[in-house]
Undergrad: 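The structure that follows is given in the form of structure tokens.
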Amino acid sequence: MSALIQQLNPEQHAAVTLPTENALILAGAGSGKTRVLTTRIAWLISTGQVSPAGVLAVTFTNKAAKEMMARLSAQLPIPVRGMWIGTFHGLCNRFLRAHWREAGLPQTFQILDVQDQLASIKRLLKGLNVDEERHPPKQVQWFINGAKEQGLRPGDVQTRDPQSRQLAEIYLAYEAQCTRDGVADFAELLLRSYEILRDNPAIRRHYRQRFRHILVDEFQDTNRLQYQWLKLLAGPEDAHGACVFAVGDDDQSIYAFRGAHAGNMDDYQREFHVRHLIKLERNYRSYGHILDAANTLIANNARRLGKNLRTEAGAGEPVRVFEAPSDYAEAQWLVEEIRQLLRDGLAPSEIAVLYRANALSRVIEGALFNAGLPYRVYGGLRFFERAEVKHALAYLRLLDNPQDDTAFLRVVNFPARGIGARTLEQLQDAARLRATPLCDAVDALGGRGAASLQAFLDLVAQMRFQTAAMSLPDLVRHVLEASGLNAHYREEREGQERLENLEELVNAAAAFVTQEGFGLQAAAQQRQALGASSGAATEGLAAFDGIDPATGETLSPLTAFLTHAALEAGDNQAQTGQDAIQMMTVHAAKGLEFDAVFITGLEEGLFPHENALSEADGVEEERRLMYVAITRARKRLYLSLAQSRMLHGQTRYNLRSRFFDELPAQSLKWISAKQPGFGGGFGADQHSSWSDVPKASVPSFTPPAPKPKQGLRTGQAVFHNKFGEGVVLSLEGDGEDARAQVRFNRHGTKWLALNIAKLTPVS
DNA sequence: ACCTGGGTACTTTTT
DNA sequence: GTACCCAGGT
């Protein structure tokens, strides 16, 4: 332990060994934030100031929580699994599983993700006969989540005008529907936990006595409700209050659009009487020019707590800037620069291409693909959000809770079993009339529809019976077969990938069982090791995940797995297993670092984004976003922009981003190609040929060059492979070594390596 | 049950 | 440009 402490720099050391009082650590990018957090916990425990059970550490992402647990278990010889380390939602879920009675939830309540919630709202609006023009489901969803994140129930919502009055009514009906279904949405997990703590003195007292130290990661990202929750949990400073250790960086606050309130940092300092504000300003990540760029840029923001990153690593290479005539040329330049970096020995995964909006990835992806460079695009659907996986999960949810109408409607007729829209409408009417879940209204119907519905219920009941004694992976496999999902996708032409995902779901279930160490024995051992249960939990309060305080029963593996699926949506792309160039939005890059970083599309309207210009503090948030992007780079940073770019179906001519005027000229090197446009090679010598493009020059509008004619054009060829038949949209290269963008159906395109001889020209 | 055409939106996103 | 949703037709 003392060795760990000694490795810290003076700032970090001061933070880790702070006395027991509320503190705020202003942790700059790359300043060893996670290290300080985990070492603080390790220090507190190893010096006997707190037991592992007395620590609560909260993060925003599962990734951060896992990272913290991994590092902590490397530092301390204690089982970390049972500690209260997790995301806000994960910890609140754990809390609600223990106090499901007080929460008024079924013990096996399921969690609605964003998709489920929207489906639930759509169903509700139909039932209420609400005009979807007047109240678009998305807006209703936004309203409800917004209200919950401010701690407001339907009765607390301001209802001055008819519009908001109706929204409040919908909110009320939505709550009733969730209760009937036995489900909770994400915001509900937090709000209900908050309310239990607020309204139940015994529970509040228990947790306040238990958690002596509360540590918060990414504090600048907390929303109002999360802050109030922390305040309630910590309790008053004088009496039995916990000690709060908040770590954050106001300059990296980029989530205001989803309710993050960086002002919580000011409130926290005031309301928690913070005496020690420690700044971690020594950066261990980037070279000097990169940090100079970051520091100079962010200094343009008015309201800051104030911080300046420094390094002892030297100045390094200047930041390279490239202004391309078009988005296409920008991508070509990118390819050449990346090739050079790879020649220099950089691993592909150490190169990141960042952009402000996902739409910008397309051109770049095309260029990388055609160049034969391996890449991975982050974003899009995550594993547990895929349609086929959601279908499977819906069956699993029905096993657990037949009243889950969202799950019911999702699969009642999938795979198709002759239950039409009219039958379902009748069923929903009947259920509404009786105020029961759909499964309890089937007997109200007659005719063929009723028989089909009954057959569905029987199917689910049969699955429940058959799987009762099965292990979780076996259960999942059985449901995939018995439900007909596997058969359905085996039949389908393009079902191969979906089948693989379903198989992956079985693997995920198996991995989950292994990881969680299911069974009472493991849980009991964990409790014992932490020395938590006997003392505090004798009050009848559970200490651990999924343990019913009254009966001591653990959650079933199935319920736990479903919770896991909702709370942790998984990776957003199948692992290629290949070392690949990383492509992602700037938001997605937060918390990551790479040897070389490209920030693309640095144009007015794009970055800063035009929508942000009209919002209060919008430009400041964009600037913070740019700050985050810059500070991702360790060794090399590239900035690029295009004078013209195809966006929303039309060519736009954007001006150079204002951020260039806010960067230190001495840290930038403007480069340009000898032959801008197409066909001009951006050879290796380009990298040393700096041009003298003056920084403030107005970009000249080069008319977009015609796209080079390369092989066949859109719709002129058909391609066959295992995916089926597809239309070639664009083609590069020749012979057996061609690459093409192929559209296989009306839903999306794929880039493929193919042999031109295999193409069938369209007559 | 499946296909097709029209209409629309389109910044960022974790849980 | 294009991705997605929904309505209405086959």
Side-chain angles (χ1 to χ4, degrees), chain A residues 58-65 86-93 111-118 122 132-133 136-138 142 145 148-149 184-190 218 221-223 225-226 253-260 327 354-363 378-382 384-385 387 413-421 488 492 563-570 572 584-591 601 605-615 618 621-622 624-626 628-629 645-652 714 729-730 741 743 745-749:
Chain A
V58 62
T59 64
F60 275 85
T61 64
N62 292 301
K63 203 175 154 201
T87 62
F88 279 100
H89 294 84
L91 296 178
C92 285
N93 171 62
I111 298 166
L112 292 188
D113 68 12
V114 182
Q115 286 179 38
D116 297 332
Q117 187 189 32
L118 190 64
K122 279 184 184 167
E132 292 202 5
E133 301 277 281
K138 278 252 170 64
W142 181 82
N145 290 337
K148 287 187 178 185
E149 276 163 16
D185 59 46
F186 284 131
E188 189 66 33
L189 297 176
L190 280 162
E218 306 278 17
D221 287 340
T222 49
N223 65 28
L225 181 57
Q226 287 159 341
S253 162
I254 56 172
Y255 285 114
F257 72 91
R258 66 173 197 217
D327 47 355
L354 309 185
Y355 32 81
R356 174 67 239 270
N358 284 308
L360 303 196
S361 68
R362 201 170 232 101
V363 183
Y378 286 77
L381 279 192
R382 334 264 294 291
F384 286 112
E385 293 167 352
N413 197 35
F414 193 94
R417 40 177 76 90
I419 299 172
H488 178 265
E492 206 175 75
T563 303
H564 166 81
L567 245 31
E568 215 169 317
N572 57 15
M584 66 191 85
T585 63
V586 180
H587 281 93
K590 187 167 170 230
L606 264 179
F607 202 174
H609 197 275
E610 53 201 351
N611 294 4
L613 301 180
S614 54
E615 289 165 22
E621 176 125 334
E622 295 291 302
R624 289 193 289 270
L625 199 50
M626 182 66 185
V628 167
R645 132 174 1 259
M646 186 64 116
L647 209 64
H648 302 326
Q650 53 190 353
T651 310
R652 293 177 31 154
T714 306
L729 296 184
S730 64
Q741 190 184 11
R743 173 192 289 276
N745 53 28
R746 51 199 300 278
H747 302 294
T749 58

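Bear in mind that the values here come from a model prediction, so they are computed numbers and not experimental data. By convention in this document, chain letters (A, B, ...) are assigned in the order of the sequence lines, proteins followed by strands, and residues within each chain are numbered from 1.
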Undergrad: Write down the distance between CG (A/Asn413) and C1' (B/dC2), rounded to a whole number of angstrom.
TA: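 That distance rounds to 13 Å.
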Undergrad: Does C/dG1 have its OP1 or OP2 closer than 4.0 Å to a side-chain nitrogen or oxygen of A/Arg652?
TA: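 Answer is no, no contact under 4.0 Å.
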Undergrad: Mind checking A/Gly418 for me? I need base, sugar-phosphate or nothing, with any heavy atom below 4.0 Å counting as a touch.
TA: sugar-phosphate
Undergrad: Using every non-hydrogen atom in the two residues, find where A/Ala629 and A/Val586 come nearest and quote the distance to one decimal.
TA: CB-CG1, 3.6 Å
Undergrad: When the C1' atoms of C/dC6 and B/dT11 are compared, how many Å lie between them, rounded to an integer?
TA: 25 Å
Undergrad: Just do the salt bridge (Lys or Arg N to Asp or Glu O under 4.0 Å) check on A/Arg258 and A/Glu149 with the steps written out, would you?
TA: CA-CA 10 Å; A/Arg258 66 173 197 217; A/Glu149 276 163 16; over 6 Å; no
Undergrad: For A/Met646 and B/dC10, give me the distance from atom CE to atom C1', rounded to whole Å.
TA: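 Between C1' of B/dC10 and CE of A/Met646: 15 Å.
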Undergrad: Determine whether A/Asp221 and A/Gln226 satisfy the following criterion, side-chain hydrogen bond (donor to acceptor under 3.5 Å, both in side chains), listing intermediate values before the conclusion.
TA: CA-CA 10 Å; A/Asp221 287 340; A/Gln226 287 159 341; over 6 Å; no
Undergrad: Distance check needed: B/dT15 C1' versus A/Glu218 CD, whole Å only.
TA: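 The answer, rounded to whole Å, is 14 Å.
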Undergrad: Taking the six-membered ring for Trp and the single ring otherwise, decide whether the centroids of A/His587 and A/Tyr355 are under 6.0 Å apart.
TA: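 They do not qualify: ring centres at least 6.0 Å apart.
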Undergrad: Starting at CG of A/Leu647 and ending at C1' of C/dG1, how long is that distance when rounded to a whole Å?
TA: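 Rounded to the whole Å, the gap is 9 Å.
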Undergrad: Between the side chains of A/Glu610 and A/Arg652, is the shortest nitrogen-to-carboxylate-oxygen separation below 4.0 Å, so that they form an ion pair?
TA: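 Answer for the salt bridge query: yes.
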Undergrad: Tell me the interatomic distance from A/Lys138, atom NZ, to B/dT8, atom P, rounded to whole angstroms.
TA: 15 Å
Undergrad: Using atom names, set out every protein N or O paired with an N or O of nucleotides 11-14 of chain B below 3.5 Å, distance rounded to 0.1 Å.
TA:
{"from": "B/dT11", "atom 1": "OP1", "to": "A/Asn611", "atom 2": "ND2", "distance (Å)": "3.4"}
{"from": "B/dT11", "atom 1": "O4'", "to": "A/His609", "atom 2": "NE2", "distance (Å)": "3.2"}
{"from": "B/dT11", "atom 1": "O2", "to": "A/Arg356", "atom 2": "NH1", "distance (Å)": "2.7"}
{"from": "B/dT11", "atom 1": "O2", "to": "A/Arg356", "atom 2": "NH2", "distance (Å)": "2.6"}
{"from": "B/dT11", "atom 1": "O4", "to": "A/Glu615", "atom 2": "OE2", "distance (Å)": "3.1"}
{"from": "B/dT12", "atom 1": "OP1", "to": "A/Asn358", "atom 2": "N", "distance (Å)": "2.6"}
{"from": "B/dT12", "atom 1": "OP1", "to": "A/Asn358", "atom 2": "ND2", "distance (Å)": "3.0"}
{"from": "B/dT12", "atom 1": "O4'", "to": "A/Arg356", "atom 2": "NH2", "distance (Å)": "3.2"}
{"from": "B/dT12", "atom 1": "O2", "to": "A/Arg356", "atom 2": "NH2", "distance (Å)": "2.6"}
{"from": "B/dT13", "atom 1": "OP1", "to": "A/Thr585", "atom 2": "OG1", "distance (Å)": "2.6"}
{"from": "B/dT14", "atom 1": "O4'", "to": "A/Arg258", "atom 2": "NH1", "distance (Å)": "3.3"}

Undergrad: Distance check needed: B/dC10 P versus A/Gln650 CD, whole Å only.
TA: 16 Å
Undergrad: In whole angstroms, how far is the P atom of B/dA1 from the CZ atom of A/Arg417?
TA: 12 Å
Undergrad: Just how far, in rounded Å, is C1' of C/dC5 from CD of A/Glu133?
TA: 13 Å
Undergrad: Could you check whether any side-chain heavy atom of A/Thr87 comes within less than 4.5 Å of a side-chain heavy atom of A/Val58, counting everything from C-beta outward?
TA: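 No, every pair of side-chain atoms sits at 4.5 Å or beyond.
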Undergrad: When the C1' atoms of B/dT12 and C/dC5 are considered, how many whole Å apart are they?
TA: 23 Å
Undergrad: Are A/Arg362 and A/Asp327 ion-paired here, with the side-chain N under 4.0 Å from a carboxylate O?
TA: no
